[in-house]
Amino acid sequence: MYYRVEDKYIVYEDQIAYLRERLKDLMIRDAHSINGSYLIRSIYFDDKSDSSVYEIESGIDDRSKVRIRSYNADDGFIRLEEKTKKSGFTHKESARISKETVKGLIEHPSMAQAHLSSRYLLNEDGFLFRKVFASMNSRLLHPVNIVEYEREAFVEKNGNVRITFDKNIGVSGNVKSFFDRNIHAIPTMETGAHILEVKYDELLPDYIRKIVDFGSLQKTAFSKYYFARQIKGGNGDIL
């Protein structure tokens, strides 16, 4: 299991415009992009004790969270993911999951065993499904909310770098609307504020570092899920 560096910054429109202009000649656009960006929509899971919220509030560094993610509202390509943070580094495991299985988990989270059937538990991604299945049964892990945002992403093979601008971050407590074309998402940040993420393996190439490392950037430990939970209507009502 290998971990990556993931630095986050709060940025505004003028800073994004400056960075985009500098990066476009050094990096390529992410393959998911349509007209420069793409939509990410995630269902986040938590347990009966809201452990993910508590761990972030308490500054616990070794933690993980489970989510289901789609791109551009495409219900034909959905992934189950577990993202782990350890000693300031991150690791992500992911596997394809069907629309029917997701609908089952949304509507009947307590019946996880029926929905995470043998065709998932025994395939090559079975380890991830077994971990999530165990948490659903032992910790009553269940879907809590939807977080949605527009992502503009640049990639560079050298250092396995991804630089993303996550804009218009919003939350909905109605997890059953996950497959709707449009959802009612409540903004989680002030108007004009967005998140820059800089992800890489071990070392960030100097020619990229010099672009993103300028004094006006405000580094943050921003968690989209955590901030969504602070918004009225961002918790869901699925129990």
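FYI, the numbering just counts along the sequence from 1. The figures here come from the full heavy-atom set of this structure, side chains too, leaving out hydrogens, waters and symmetry mates.
Phe179 CZ: more than 12 foreign heavy atoms inside a 6.0 Å radius. More than 12 heavy-atom neighbours from other residues, nucleotides or ligands sit within 6.0 angstrom of CD on Glu57. Counting heavy-atom neighbours within 6.0 Å of Phe77 CZ, excluding the residue itself, gives a total above 12.
When hydrophobic clusters are built by joining Ile, Leu, Val, Met, Phe, Trp and Tyr residues whose side-chain heavy atoms come closer than 4.5 Å, directly or via intermediates, Tyr207 is grouped together with Val212. The hydrophobic clustering, which links ILVMFWY residues whose side-chain heavy atoms are closer than 4.5 Å, places Val155 and Phe165 apart. Both Tyr18 and Met27 belong to a common hydrophobic cluster when Ile, Leu, Val, Met, Phe, Trp and Tyr are linked at side-chain heavy-atom distances under 4.5 angstrom. Neither Tyr71 nor Leu39 shares a network with the other; the hydrophobic side chains, linked directly or stepwise wherever heavy atoms of I, L, V, M, F, W or Y lie under 4.5 Å apart, form separate groups for each.
Between Leu196 and Gln15 there is no side-chain heavy-atom pair separated by less than 4.5 Å. Taking 4.5 Å as the limit, some side-chain heavy atom of Asp30 sits within range of a side-chain heavy atom of Ser33. For the pair Leu26/Phe154, no side-chain contact is recorded, criterion being any heavy-atom separation below 4.5 Å from C-beta on. A 4.5 Å side-chain heavy-atom check between Asn145 and Tyr44 finds at least one atom pair inside the cut-off. In this structure, Phe129 and Ile97 have side chains that are in contact, with non-hydrogen atoms separated by less than 4.5 Å. Using a 4.5 Å heavy-atom threshold, the side chains of Pro205 and Tyr200 count as separate. For the pair Val5/Phe89, a side-chain contact is recorded, criterion being any heavy-atom separation below 4.5 Å from C-beta on. Side-chain contact between Tyr3 and Thr84 is present, with heavy atoms from C-beta onward closer than 4.5 Å.
For the atom pair Ile28 CD1 and Lys157 NZ, the distance stands at 7.0 Å (nearest 0.5 Å). Taking OG of Ser51 as the reference point, atom CZ of Arg63 lies at 12.5 Å (rounded to 0.5 Å). Here CD1 of Ile68 is found 12.5 Å from OG of Ser94. Values are rounded to the nearest 0.5 Å. Note that CE of Met189 and CD1 of Ile169 are 5.5 Å apart. Values are rounded to the nearest 0.5 Å. Summarising the geometry, atom CG belonging to Asp213 is positioned 10.5 Å from atom CG belonging to Asp206; distances are rounded to the nearest 0.5 Å. In this structure, Thr90 OG1 and Lys199 NZ are separated by 7.0 Å, a value rounded to the nearest 0.5 Å.
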Could you walk me through whether Tyr225 and Val53 pass side-chain contact (heavy atoms from CB on, under 4.5 Å), step by step?
CA-CA 8 Å; Tyr225 170 67; Val53 174; 3.9 Å; yes
Show your working on side-chain contact (heavy atoms from CB on, under 4.5 Å) between Ile78 and Ser98 and close with a plain yes or no.
CA-CA 7 Å; Ile78 313 168; Ser98 72; over 6 Å; no
Test side-chain contact (heavy atoms from CB on, under 4.5 Å) applied to Asp47 and Leu140, step by step
CA-CA 5 Å; Asp47 60 22; Leu140 298 183; 5.7 Å; no
Take Glu197 and Lys224 through the test salt bridge (Lys or Arg N to Asp or Glu O under 4.0 Å) and record every step on the way to the result.
CA-CA 12 Å; Glu197 295 187 359; Lys224 296 182 183 73; 2.7 Å; yes
Apply the test salt bridge (Lys or Arg N to Asp or Glu O under 4.0 Å) to residues Glu55 and Lys85: give CA-CA distance (whole Å), side-chain angles for both, the deciding distance (0.1 Å), then the verdict.
CA-CA 11 Å; Glu55 289 169 355; Lys85 185 173 183 180; over 6 Å; no
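Applying the side-chain hydrogen bond (donor to acceptor under 3.5 Å, both in side chains) rule to Glu152 yields the partners Arg20, Arg29, Lys167; only residues at least two apart in sequence or on another chain are considered. Scored by the salt bridge (charged side-chain N to carboxylate O under 4.0 Å, His left out) test, Asp201 finds Arg4 as partners (sequence neighbours excluded).
Applying the salt bridge (Lys or Arg N to Asp or Glu O under 4.0 Å) test between Glu6 and each of Arg162, Lys83, Lys92 identifies Lys83 as the sole match. For the pairing with Ile40, the side chain to side chain contact (heavy atoms under 4.5 Å, CB included) check across Glu148, Glu150, Arg69 returns one residue only, Arg69.
Shortest non-hydrogen contact noted between Ile211 and Leu19 is O-CD2, 3.5 Å. When all heavy atoms of Asp46 and Ser52 are compared, the closest pair comes out as OD1-N, 3.1 Å. Here the shortest heavy-atom pairing between Gly76 and Arg96 reads O-NH2, 3.1 Å. When all heavy atoms of Ala228 and Val147 are compared, the pair lying nearest together is CB-CG2, 3.8 Å. Contact between Ile183 and Ser172 at its shortest, heavy atoms only, is CD1-CB, 4.2 Å. Ala153 approaches Tyr38 most closely through the heavy-atom pair CB-OH, 3.9 Å.
A distance-only check finds a donor-acceptor pair linking the side chain of Asn137 to the backbone of Phe133 [under 3.5 Å]. Asp62 places no side-chain N or O within 3.5 Å of a backbone atom of Lys86 that could act as its donor or acceptor partner. Between the side chain of Arg41 and the main chain of Ile146, no donor-acceptor pair closer than 3.5 Å is present. A donor-acceptor pair is defined here as one N or O able to donate and one able to accept, closer than 3.5 Å; no such pair exists between the side chain of Asn72 and the backbone of Asp74. With Lys8 contributing its side chain and Phe222 its backbone, the two residues share a donor-acceptor pair below 3.5 Å.
Between the side chains of Ser42 and Arg67, no donor-acceptor pair of N or O atoms lies under 3.5 Å. There is a side-chain donor-acceptor pair under 3.5 Å between Glu190 and Tyr12.
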